[in-house]
Amino acid sequence: MADLSNVVTASLIEAGVSVARDNMNVTCIMTSTEGILNSSNRYELYSTAQEVITDFGSTSPEAQFANVFFAQSPNPVDVDGVLVIGFWRAVDENVAASAAILTGEQVTANATIPVLQSVSDGSFDIDIDGVTENISSLDFRTSTTMAEVATVIDTALSGATCAYTNQSFVITSSTTGASSTLTYTTAGASGTYVGISLGLDANSSSVIVQGAASSILSAETKVAGITAVKADVNFKGSCFIDTTTDQESKDLATWGQANSVMQYDVFSDATNLNVSVTNPVWEIKLAGQTNYRMLYSKAGNRTLAAGYMARNHTVLFTGENTSQTMHLKEIKSVAAESYTQTEIDAAKTVGLDIYTIFKETVPKLLTSGANGFTDDVYNLMAYIDAVQTDAFNILGTTTTKIPQTTPGLNNLLDGLEATSQGFVTAGVFAPGTWTLNQRFGDVDTFNRNIEEKGFYWYAIPLSEQPQSERDDRKTPVLQNAVKNAGAFHSTNIIITWNR
């Protein structure tokens, strides 16, 4: 029978793999409590308060913060988010002496057991703490699981132990410290060498970590600690359990602005309400470090930061009318405080949000726009990441290429218009009137797009692009204008009465 390929050939071209946008609802609470967390285990992930209680105890500060965090509804965990609890080293940390560990390459039972079951005289040599052990007479004929194989080896070792963990055989020296050492396995003088089958040979992808003496790690700054956690997990919001000093607040504000992380901090001193260059709140506001969200609590209730953060990081930007403002929201499990009008006005001026009481019984947030509004910061952070990610995916998933032509450029612009439209659908942007003097492209087209869509994308004609940019295969600069939907926070009402 003749094959169809004599007449027709067909091949499959698969689209490239795309990258995901940052998850804006991954949030982090930083602690200095050493235990399950330390400098070698910087963070853990949690989706319930009970998980935190299990790890830290029901009366711990971590449990108190977690209870407030998970009391909020909606909650980050309801919208693809998660709570990270990260560790910063507030005091010197004693690191215990460690043992040498040989972790073999991953090997499976299906491939390994049948081979070993034919071996009754297995052997290998290994140096443990500088002494060679000649392991021999390993009988695997009745071993039916990898755990049983590990037991046979463990029984034969005298200066170390063996276990099967994460699909690898792991040999651990029985001693600790700098003299605790291991080597890869080598063939013995007699018997059947099994080091290759076990994945413990030097030619495998096994790894040795030699033992180390005990040491002391010096205390670190809050910035150093949060930097270390951020290197491991990409959270977008954070707060510290430990109170921050004035200088730490300013340092963290600088760090958050540079690393696209919103940080939430609670201030409690009356001087924090002052318009003064010695007030860190005012300094941060003057520096335009809008990623640092500053709250005020006369009672010094730092859990307010955890509740505020949890309530804010709850938007799914792929939904319809999902954007929000923090103004007049309730923070569950946090006691609202009473403030005088003078304090309210002062907080609004310097850039502090407060959680206060209306009509004697109704708790609500009063937000200040002095350092920008929280929702604007959150939304724009998400939008910038979405534009960058979506542009990358358009370039990276095209199976052939995007040509340096007008249709090719329009293809990229069409994709980015879809990104902007998604944020209009979510309620972040909206059609309106452009009130800035700065415009680009054709003015009429610019104004019409803002009024009808709420956004405008523009690139100069390819004929006007510098040849040097074309030679580097760059697009012309893509310019984008968006009209913020904003949110009503207050109103003035005039009542006309007629008898």
Side-chain angles (χ1 to χ4, degrees), residues 27 49 64-76 78-79 237 239 243 262-275 279 281-282 284-285 290 292-315 321-379 427-428 430 484-497:
T27 53
Q64 295 173 29
F65 272 66
N67 284 333
V68 171
F69 181 94
F70 288 108
Q72 308 314 311
S73 180
N75 196 272
D78 301 328
V79 284
C239 66
T243 303
M262 297 181 70
Q263 296 184 87
Y264 302 82
D265 201 358
V266 175
F267 296 84
S268 58
D269 196 282
T271 59
N272 294 130
L273 296 171
N274 297 337
V275 176
N279 176 9
V281 173
W282 185 248
I284 291 168
K285 176 257 188 265
T290 56
Y292 208 72
R293 309 315 304 163
M294 298 176 289
L295 318 173
Y296 188 69
S297 166
K298 287 190 291 188
N301 186 354
R302 293 191 61 77
T303 63
L304 174 61
Y308 190 110
M309 176 174 69
R311 185 63 181 83
N312 183 53
H313 289 257
T314 57
V315 176
N321 295 326
T322 52
S323 65
Q324 64 174 357
T325 174
M326 288 299 292
H327 192 63
L328 299 182
K329 295 296 186 293
E330 294 184 27
I331 307 299
K332 304 294 185 182
S333 297
V334 174
E337 301 173 39
S338 179
Y339 294 94
T340 67
Q341 190 59 48
T342 299
E343 291 171 324
I344 291 172
D345 292 342
K348 185 175 181 179
T349 298
V350 299
L352 288 165
D353 292 359
I354 60 175
Y355 192 45
T356 190
I357 303 169
F358 289 84
K359 301 288 285 187
E360 299 182 354
T361 60
V362 180
K364 295 287 183 182
L365 277 170
L366 271 179
T367 61
S368 166
N371 197 39
F373 288 108
T374 299
D375 56 302
D376 284 346
V377 178
Y378 177 76
N379 292 340
V428 176
N484 189 26
F488 290 127
H489 280 188
S490 62
T491 184
N492 293 321
I493 299 174
I494 298 176
I495 300 173
T496 301
W497 179 75

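Note that CG of L366 and CG of D345 are 10.0 Å apart. Values are rounded to the nearest 0.5 Å. Atom CE of M309 and atom CD1 of I331 lie 11.0 Å apart (nearest 0.5 Å). In this structure, OH on Y355 lies 13.5 Å from OG1 on T367, to the nearest 0.5 angstrom.
Put simply, the side chain of Q324 never gets that close to the backbone of K329: no donor and acceptor are under 3.5 Å apart. Checked by atom type and distance alone, the side chain of S368 pairs as donor or acceptor with a backbone atom of A370 at under 3.5 Å. Listed for the N272 side chain is no donor-acceptor partner under 3.5 Å among the backbone atoms of F267.
You'll find the side chain of K364 stays beyond 4.5 Å of the side chain of T356, heavy atoms only. With a 4.5 Å cut-off on side-chain heavy atoms, Y292 and M262 do not count as touching. Contact check for D375 versus M326: no side-chain heavy atoms found under the 4.5 Å cut-off. Residues M294 and I284 form a side-chain contact, since some pair of their non-hydrogen atoms from C-beta on lies under 4.5 Å apart. In this structure, the side chains of R311 and S73 stay at 4.5 Å or more apart for every pair of heavy atoms. Residues T374 and D353 form a side-chain contact, since some pair of their non-hydrogen atoms from C-beta on lies under 4.5 Å apart. Taking 4.5 Å as the limit, every side-chain heavy atom of L273 sits out of range of all side-chain heavy atoms of T271. Residues L295 and I354 have side chains not in contact (no heavy-atom distance under 4.5 Å, counting atoms from C-beta outward).
Contact record, A305 with C239: CB-CB, 4.0 Å, taken as the closest heavy-atom pair. Residues R293 and V377 share a closest heavy-atom pair of NH1-CG2, 3.9 Å. Pairing each heavy atom of N75 with each of F69, the nearest pair is ND2-O, 2.7 Å. Taking all atoms of both residues into account, the shortest heavy-atom contact from I357 to A336 is CG1-CB, 3.6 Å. Heavy atoms only, all atoms of each residue included: N274 and V350 are closest at O-CG1, 3.7 Å. Taking each heavy atom of S297 and E337 in turn, the nearest pair found is OG-OE2, 2.5 Å.
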Stepwise side-chain contact (heavy atoms from CB on, under 4.5 Å) check, R302 with D265: CA-CA 8 Å; R302 293 191 61 77; D265 201 358; 3.1 Å; yes
I493/I495 under side-chain contact (heavy atoms from CB on, under 4.5 Å): CA gap, chis, key distance, verdict: CA-CA 6 Å; I493 299 174; I495 300 173; 4.0 Å; yes
E343/K298 under salt bridge (Lys or Arg N to Asp or Glu O under 4.0 Å): CA gap, chis, key distance, verdict: CA-CA 10 Å; E343 291 171 324; K298 287 190 291 188; 3.3 Å; yes
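Using cut-offs of 30° and 60° for the angle between ring planes, the Y264 and H313 rings count as perpendicular. In this structure, Y296 and Y339 have tilted ring planes: the angle between them lies in the 30° to 60° band.
Residue Y308 is tested with V334, L365, V266 for a side-chain contact (heavy atoms from CB on, under 4.5 Å); the sole match is L365.
Between F373 and H327, a ring centre-to-centre spacing not shorter than 6.0 Å is recorded.
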